[in-house]
2 protein chains.
Amino acid sequence: MARKIAERSDIVPVLGEIFRERGFAGASLSEITQRTGLGKGSLYHFFPDGKEEMAKVVLDDVADWFETNVFVPLGTAEDPEVGIDHMFKATVSFFHSGRRVCLVGTFALDDTRDRFAEVIHAYFAAWTKALASALRRRGFGIKAARATAEDVVAGIQGALVLARSQDDPGVFTRAIKRLQARTKTAPAA
Amino acid sequence: MARKIAERSDIVPVLGEIFRERGFAGASLSEITQRTGLGKGSLYHFFPDGKEEMAKVVLDDVADWFETNVFVPLGTAEDPEVGIDHMFKATVSFFHSGRRVCLVGTFALDDTRDRFAEVIHAYFAAWTKALASALRRRGFGIKAARATAEDVVAGIQGALVLARSQDDPGVFTRAIKRLQARTKTAPAA
DNA sequence: TACAAAGTGTACTGCACGGTACAATGCTTT
DNA sequence: AAAGCATTGTACCGTGCAGTACACTTTGTA
């Protein structure tokens, strides 16, 4: 039997899209076999704990991506403004300009959260923390930095919901622009 | 056999909570029978089209509630500020200060959206429109009103995601306060 | 070339799912 | 009180589900 994939990680992006589209409960093994092109044998070979393990791997993959491409730059960029601008750029790109939904956000809303509570918590906590620290370095007061960071992260999530509900990615890209503007100057006390 | 309920509408709130907790795909008939206390016979008597009809009725119920308790006041309040403040109050109360999730938002994220696209679209469209018109009456420019309305509605949705991810309703109530503040004065052009 | 490990396909299991059928029971109306 | 409709419980249906078993093939290694 011909080998289909070299590594488990090759199919993780496909799994991600399926979970994004269907949610955890709605993602069926049959759809997963079809879209990955892998039989159940292979699937359970790579993910012995089944669907739950697949979702966990996908979540970790997303978290890693953000860690590397967003959170670290936020913290290490010489100029914090560069790091923040890069965050918005990476975010827009990751979410396909609002056409793609946030997997972590999707999982956070229903009881799927309980299965993956730690990862989900850590993801948003790391994001707000990294952004707040960059804002602080930009001259924001400690409270303003915290508040603005929460507003931005929540704003991104909400914009994804809104954009999808209106079937209009423009809702997302416009919201991003306004959120980005709010990171430029600290709000008046 | 003793009659359990007088009207179909009596169990709609229970159905709402189940869909909020489990999502559409995750809400099982067996859980619905248990938590409503109704057998399948009664359930299919009241909702001949099954789960899909139940969800539809719940969505319509939510939409009606917001129409009456939020959108209409936003449009009719003598003083628009009163209408807007009332919106935030009603919102906090409806979402149990961030402990309860938005059903429409939950449905919007995964493929459940496709089943109920019109209702979901209309809900958020009506909300942003009503809020924008109130902001206009408050003296916001037409673009600022539109933008702020989108920011607020998205901000609410995002705050619900964030609050749930952190298991901390405070995230929601704090976000609401900041969003409310932003409706007080039009942003600098 | 032999052998073990990794990877794959297929048939299968048991179960829970959404939904149906229908008889039994209550309620309302006359 | 009789009829007729609304409501309910239960048994049942076919289907698709997640997951397992296992034989088989490919690959890496020596």
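Naming convention: chains lettered A, B, ... in sequence-line order (proteins, then strands); numbering from 1 in each chain.
With rounding to whole Å, A:Phe24 atom CZ is found 13 Å from D:dC17 atom C1'. Rounded to whole angstrom, the span from the CZ atom of B:Arg8 across to the P atom of D:dA6 amounts to 14 Å. In this structure, B:Leu38 places its CG atom 13 Å from C1' of D:dA6, rounding to the nearest Å. The distance from atom CE of A:Met54 to atom P of D:dG19 is 8 Å, rounded to the nearest whole Å. At whole-Å resolution of the value, OH in B:Tyr44 and C1' in D:dC13 are 13 Å apart. Protein atom CG of A:Leu43 is 11 Å distant from nucleotide atom P of D:dA18, rounded to whole Å. B:Ile32 has its CD1 atom 10 Å from the P atom of C:dC17, to the nearest Å. Per the geometry, CG belonging to B:Leu29 stands 14 Å off C1' belonging to D:dT15, to the nearest Å.
Of the listed nucleotides (C:dC17, C:dG19, D:dT8), C:dG19 has the atom at the smallest distance from the side chain of B:Lys40. Distances were taken from every side-chain heavy atom of A:Ser42 (C-beta onward) to each of D:dT8, C:dT8, C:dG18; the shortest belongs to C:dT8.
Taking the side chain as every heavy atom from C-beta outward, B:Arg100 and B:Phe94 approach each other to under 4.5 Å. B:Val14 is listed as a side-chain neighbour of B:Ile18, based on a closest heavy-atom distance under 4.5 Å.
No salt bridge links B:Glu17 with B:Arg35; every basic N to acidic carboxylate O contact stays at or beyond 4.0 Å.
With hydrogens and angles disregarded, a donor-acceptor distance shorter than 3.5 Å links the side chain of A:Lys51 to the backbone of A:Ala27.
Taking side-chain N and O atoms only, A:Ser30 has a distance below 4.0 Å to OP1 or OP2 of D:dC17.
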Please tabulate, for side-chain N and O atoms in residues 105-116 of chain A, each donor-acceptor pair with protein atoms closer than 3.5 Å (sequence neighbours left out).
unit_1	atom_1	unit_2	atom_2	d
A:Thr106	OG1	A:Cys102	O	2.8
A:Asp110	OD1	A:Thr112	N	2.8
A:Asp110	OD1	A:Thr112	OG1	2.6
A:Asp111	OD2	B:Arg22	NH1	2.8
A:Arg113	NH1	B:Arg164	O	2.9
A:Arg115	NH1	A:Glu52	OE1	2.4

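Using a 4.0 Å heavy-atom criterion, one finds that A:Gly41 contacts the bases of the nucleic acid, with or without backbone contacts as well. No engagement by B:Ala25 is indicated, since no non-hydrogen atom pair under 4.0 Å with the nucleic acid exists.
The residue among A:Asp49 and B:His45 whose nearest nucleotide of DNA chain D is located toward the 5' end is B:His45.
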